[in-house]
Engineer: 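So that we are looking at the same thing, I have put the structure below in structure tokens.
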Amino acid sequence: MSVPDYRPHFQAMDLTEADAPSVLAAVAYSDDHIRRARLALGGLELREGAAVLALGSVGRYEASPASDFDVAFLFDPTRIEGTEARALRGEVIGALRGAGFDVAEKTFDKPIDARGLLRNIGGRNETNESLTYRALLLTESAWLYNAATARELCDAIFDVYRRDTVSRGRHLATLGNDLHRYYRTLCLDYRWKVEEGGKEWATRIMKLRHSRKLWHLANIAVQCGAREADARGEDHDAHLAAALNRPPLERIALTAVPAGRADLARRIFLAYDRFLGRMRDPAVRAELLALRHEDEGRSAVYLDLRDNAQTLQVAAGELFHHLYERHRDHLMRFTIL
Amino acid sequence: MSAEVIVFDLIGVLAEPSWREIVPPDIATWRRFRVGEIPESAFWSSAHAAAYRRVLSFRRDRIAYVERLRARGYRICLATNFFAGWLAALLEQREERAEARLFDFLVVSSEIGAAKPDASFFAEVRRSAPAGSVFVDDQKSNCEAAARAGLRPVHAYPGRDIEGEVERLLGVLASGTGEPPSRA
């Protein structure tokens, strides 16, 4: 993913930079973070067959100083062995930490066999992990080390859906289903983490209701956009491939504005800007972290974010309704039923 | 007419990354630098110059395909909006001093003083690549300009099967065997 520029969309959405300060601040912060990380890792020997990418809010250009820095290490086992990959990953993490980056080692805590992500899709040996990586690498990743290998491995993920002969359909049905499935996985992950994993709930539910919901809507939007490109005689796969690795907000703008619904994109931008602004605030995060579920009704911070989530939901729902009116059969078949 | 020359763009097709991913883009200065109007020192700092040379690399899958094409007798033209000094650094990674080993023709914007999608750039490409030659680029505007110049473009969007598309066009263009006419 390259750095987004939302400014060209603002006029159509009747927005100014002053209306979306948190969105723009997030882009600037994430862009600086990514460029500095690239320079920090640029001192390492360029090892063919290995790549490092930022995922999560940094990869989406939505990060703030309060955000985790999620880093994925991919390797091609036909070019680099697992032991060497682990050693190189250690060097990468060391270089980043030496440059002052606080690298999270939660979800992405080991080297990932990139070729393994391309197998068993939908099969009994598939894992949650491979689904997660495919979805995130396609939709919210930015290279940090070895751009050429990163591009090659990410292209291979799109290609594995594109080249299906029986199941791809005209509009890459498997890809749409996989992204949809990942969204549902996130929703179920929430259940496991708060009910069995003992994780805090309030931040997670707000992320689900804002960033994860927007991600899901943006996926649906670009798939509809690709169908419209196809109807115009343009290359469906080209449109989809180019759009998928844009940030969710940009995908919403690229879909809603040409469709004459800049008003909906505006409302989504404003609600999302408010969400990003609140989540940048350490005091907000601290209150959400400490909030017990039974106390939700007594937290002004939580109630404010809940109301904002509802505002986003209403606008998102109207955009979905707009897309449904134009792509009823497709969305009924691949999204609803 | 034979189509024994295949034209490839560099960044976004055969190699990564773009300079834009190292520093925030100053497009006005880039447009002057890319056609050789200003030196690299006026484009960015020496630290960025060194950093970019360190992170530049070819895509192994795409270069392997280029090598297979050359082995089959096709000639390869590199047509890029790029600085010749960066290209030299990239080629040195392959431990090659003779640029012709990977590319038979080089059309580099900083050397010829013109850039894609300008017609003058493609006039230079056409000095090496006859009409009907396959042209591979990740920018749609460059593909459209290539078509106007008499080339057959392949738009290399993310995830596209470049090899499949090039082979399809070669199969259409050639005499039916997919092989170029034997070289004299």
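Below, all heavy atoms of this structure are taken into account, side chains as well, without hydrogens, waters or symmetry copies. Throughout, protein chains are lettered first and strands after them, A, B, ... in sequence-line order, and every chain is numbered starting at 1.
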Engineer: Using 0.5 Å steps for rounding, measure from the CG atom of A:L131 to the CG atom of A:L136.
Structural biologist: 9.0 Å

Engineer: So what's closer than 4.5 Å to chain A heavy atoms on B:L14: side chain, backbone, both or neither?
Structural biologist: neither

Engineer: Can you find a pair of side-chain heavy atoms, one from A:L175 and one from A:L138, that are under 4.5 Å apart?
Structural biologist: yes

Engineer: Begin with the C-alpha distance, continue with both residues' side-chain angles, and end with the deciding distance and a verdict on side-chain contact (heavy atoms from CB on, under 4.5 Å) for A:L153 and A:F75.
Structural biologist: CA-CA 9 Å; A:L153 296 179; A:F75 72 102; over 6 Å; no

Engineer: Quick one: ring pair (Phe, Tyr, Trp, His ring centres under 6.0 Å) partners of B:F122, sequence neighbours excluded?
Structural biologist: B:F135

Engineer: Can you list everything that forms a side-chain contact (heavy atoms from CB on, under 4.5 Å) with A:A54? Sequence neighbours excluded, please.
Structural biologist: A:V58, A:F69, A:L144

Engineer: I'd like to know whether B:I6 forms a side-chain contact (heavy atoms from CB on, under 4.5 Å) with B:V66, so could you lay out the CA-CA distance, the side-chain angles of the two residues, the decisive distance to 0.1 Å, and finally the verdict.
Structural biologist: CA-CA 9 Å; B:I6 301 171; B:V66 169; over 6 Å; no

Engineer: I'd like to check the ring pair (Phe, Tyr, Trp, His ring centres under 6.0 Å) partners of A:H180; sequence neighbours left out, ordered by chain and number.
Structural biologist: A:H216

Engineer: Which of the residues A:A238, A:A142, A:A147, A:A241 is involved in the greatest number of heavy-atom pairs with chain B at under 4.5 angstrom?
Structural biologist: A:A238

Engineer: Do chain A and chain B have donor-acceptor pairs under 3.5 Å, and which are they?
Structural biologist:
| from | atom 1 | to | atom 2 | distance (Å) |
| --- | --- | --- | --- | --- |
| A:R35 | NH1 | B:R20 | O | 2.8 |
| A:R35 | NH1 | B:V23 | O | 3.1 |
| A:R35 | NH2 | B:R20 | O | 3.1 |
| A:R38 | NH1 | B:E21 | O | 2.7 |
| A:G42 | O | B:R54 | NE | 3.0 |
| A:W143 | NE1 | B:E21 | OE1 | 2.6 |
| A:D155 | OD1 | B:G159 | N | 3.0 |
| A:D155 | OD2 | B:R59 | NH1 | 2.7 |
| A:D155 | OD2 | B:R59 | NH2 | 3.4 |

